[in-house]
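Before any comments, here is the structure.
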Amino acid sequence: MGRHDTYFFCISILLLHNTLTNVDALACNWGTQASHPIPPNIVVKLLRDNGFNKVKLFEADPGALRALGKSGIQVMVGIPNDLLATLASTVTAAERWVQQNVSQYISKYGTDIRHVAVGNEPFLKTYKDRFVHSTYPALQNVQAALVKAGLARQVKVTVPLNADVYESGDGLPSSGDFRSDIKTLMVSIVRFLADSVSPITFNIYPFLSLNADPNFPREYAFFPGGGGAAGGAKPVVDGSISYTNVFDANFDTLVSALEKNGFDANKVEIIVGEVGWPTDGDVNATPAMAQRFNQGLLNRIVKGQGTPRRKTAPEVYIFSLVDEDVKSVDPGKFERHWGIFSYDGTVKYPLSLGNGRQLVPAKGVRYQAREWCVLSPQAAAGNNGGASAEYACQLADCTSLGPGSSCAALDPAANASYAFNMYFQKMDHRRGSCVFDNLGFVTKIDPSRGSCRFPIEIDTSRHERLRPPPRSSGATEMKWMTVAAAAMAVGWTVFN
Ligand SMILES: *[C@@H]1O[C@H](CO)[C@@H](O)[C@H](O)[C@H]1NC(C)=O
Ligand SMILES: *[C@@H]1O[C@H](CO)[C@@H](O)[C@H](O)[C@H]1NC(C)=O
């Protein structure tokens, strides 16, 4: 090998090594608020086939935790906010939670649980002070319970927080600090986590920054060169640093907040617990925009790229794996479309995962018969089914019909057909679910047109039923308003 070759050889080894180590840490959120969830064993296969080896659950879902057993995938198990008060009240309650929801799965199923996420964005401004007093004691009790169970070295605690726990008075990252009303609490929690050699976790949403404000500079929401158009954002200049995207600016606001309060941001382990882009339900939620954002994000993950103020890359959990058709739409219709995969595990848009690997779809999903419910052709002339469609949409997911969404261009008859079909699918093609005052008609011809897909639901009865139906949330959705407000406060004011 010549000198030149040796040089390239070494570079290749370095790059390969880098790629391997970082692709080793592909992580995502697995939310299960779906009417027809993909069976957990198929989801676990989907994760593995795509090289995801870390997954975050929002609660201790038995089906998911069992299916993840001996899968080689590391798990973060969430504790919903409504359990915080109980876990804060006594160590015994925390011990029971750890026994039932952690120890049991590790010993019986070989589930590789590595983190317990105590609460989900508990200090969101919109929650007022509801969880402000219970979160820290719950965290301490869960940690004590893990120690008592002999698991504290393997299983680390953390608290996923919304980015509105920090802010910047002048909009520049260097002025970042924790929100004044919870500053002391935040410092205590960060110190406790650092002392327990545990990570801190924050959720960052550039989509919401863009979506909340018509004046937000669009390019600034994306990573420069992140697939598709070249990044052309006018940088935000903060001292010697020029910020080209809101993710970096937001993250570095956190870094400043940590440093301002005496922490060395490079020594504290930081996880980005949620970040992603939805594909439908809003003008800014398109597959092309989601692809551009997520490809930019993945490129950074693969490269192990940090931010200007913190060179160490955070661990990043992409939000989200699959679409969830029963999530609350209070934050917006996009809320049901965050998946990099559709509801059934099919690929929405290509994503390169490093090492030349592309997303691959779920295998083995079983569907209902290839039948759709549409507005009867006879009815179409006189009655466009509006009232029946309205009814169908109260019970099924019509978030793709809104302005700027994938089915927004349908004429009124096709629009009604879409609504009929969504109801018919949700009801598992049950007898009587395609009647609609005799306006409904079952067809074997796929009514999909253009970007508007008329789905066939998953046949959950043909899959082994491993899990109980999803709980309706309720608590987690108010967050979006505040998240957007917080992200907006960071780094865009200079554009006005
Ligand atoms: C285990 O987690 C589930 C799901 O969050 C919860 O309903 C249950 O109460 C937990 N078990 C204990 C003993 O707290
Ligand atoms: C489509 O149907 C839904 C549900 O009835 C309705 O809210 C919406 O206005 C309709 N859109 C059009 C273009 O007809």
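Both counts, for ligands and for their atoms, begin at 1 and track the order of listing.
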Task: Nearest non-hydrogen protein atom, atom 4 (C) of ligand 2 - done: Cys393 SG, 3.6 Å

- [ ] Write out the residue and atom name of the closest protein heavy atom to atom 3 (C) of ligand 2, then the distance separating them to 0.1 Å.
- [x] Asn415 ND2, 3.5 Å

Open item on the list: Below 4.0 angstrom, counting only protein heavy atoms, does anything approach atom 9 (O) of ligand 2?
Closed with: no

TODO: Tell me, with the steps shown, if Asn29 and Ser320 meet side chain to side chain donor-acceptor pair (under 3.5 Å).
DONE: CA-CA 5 Å; Asn29 286 271; Ser320 185; 5.9 Å; no

Open item on the list: Tell me if the centroids of the rings in Phe454 and Trp372 come within less than 6.0 Å of each other.
Closed with: no

Open item on the list: Is it the case that the side chain of Thr135 and the backbone of Val132 share a donor-acceptor pair, with hydrogens and angles ignored and the cut-off at 3.5 Å?
Closed with: no

Open item on the list: Which of the numbered atoms in ligand 1 are under 4.0 angstrom from any heavy atom belonging to Trp97?
Closed with: 1 (C), 2 (O), 10 (C), 11 (N), 12 (C), 13 (C), 14 (O)

TODO: Apply the ring pair (Phe, Tyr, Trp, His ring centres under 6.0 Å) test between Phe207 and each candidate in Phe216, Phe334, Phe319; give the one that qualifies.
DONE: Phe334

- [ ] Tell me which protein heavy atom sits closest to atom 7 (O) of ligand 2, plus the residue, atom name and distance to 0.1 Å.
- [x] Glu390 OE2, 3.7 Å

- [ ] For Glu59, take its heavy atoms, then give the atoms of ligand 1 lying under 4.0 Å from any of them.
- [x] 4 (C), 5 (O)

TODO: Assert yes or no for the condition that the ring centre distance of Phe222 to Trp277 is strictly below 6.0 Å.
DONE: yes

Task: Flag for Ser198-Thr158: side-chain donor and acceptor within less than 3.5 Å - done: no

Task: Asn101, any N or O under 3.5 Å of ligand 1 N or O - done: yes

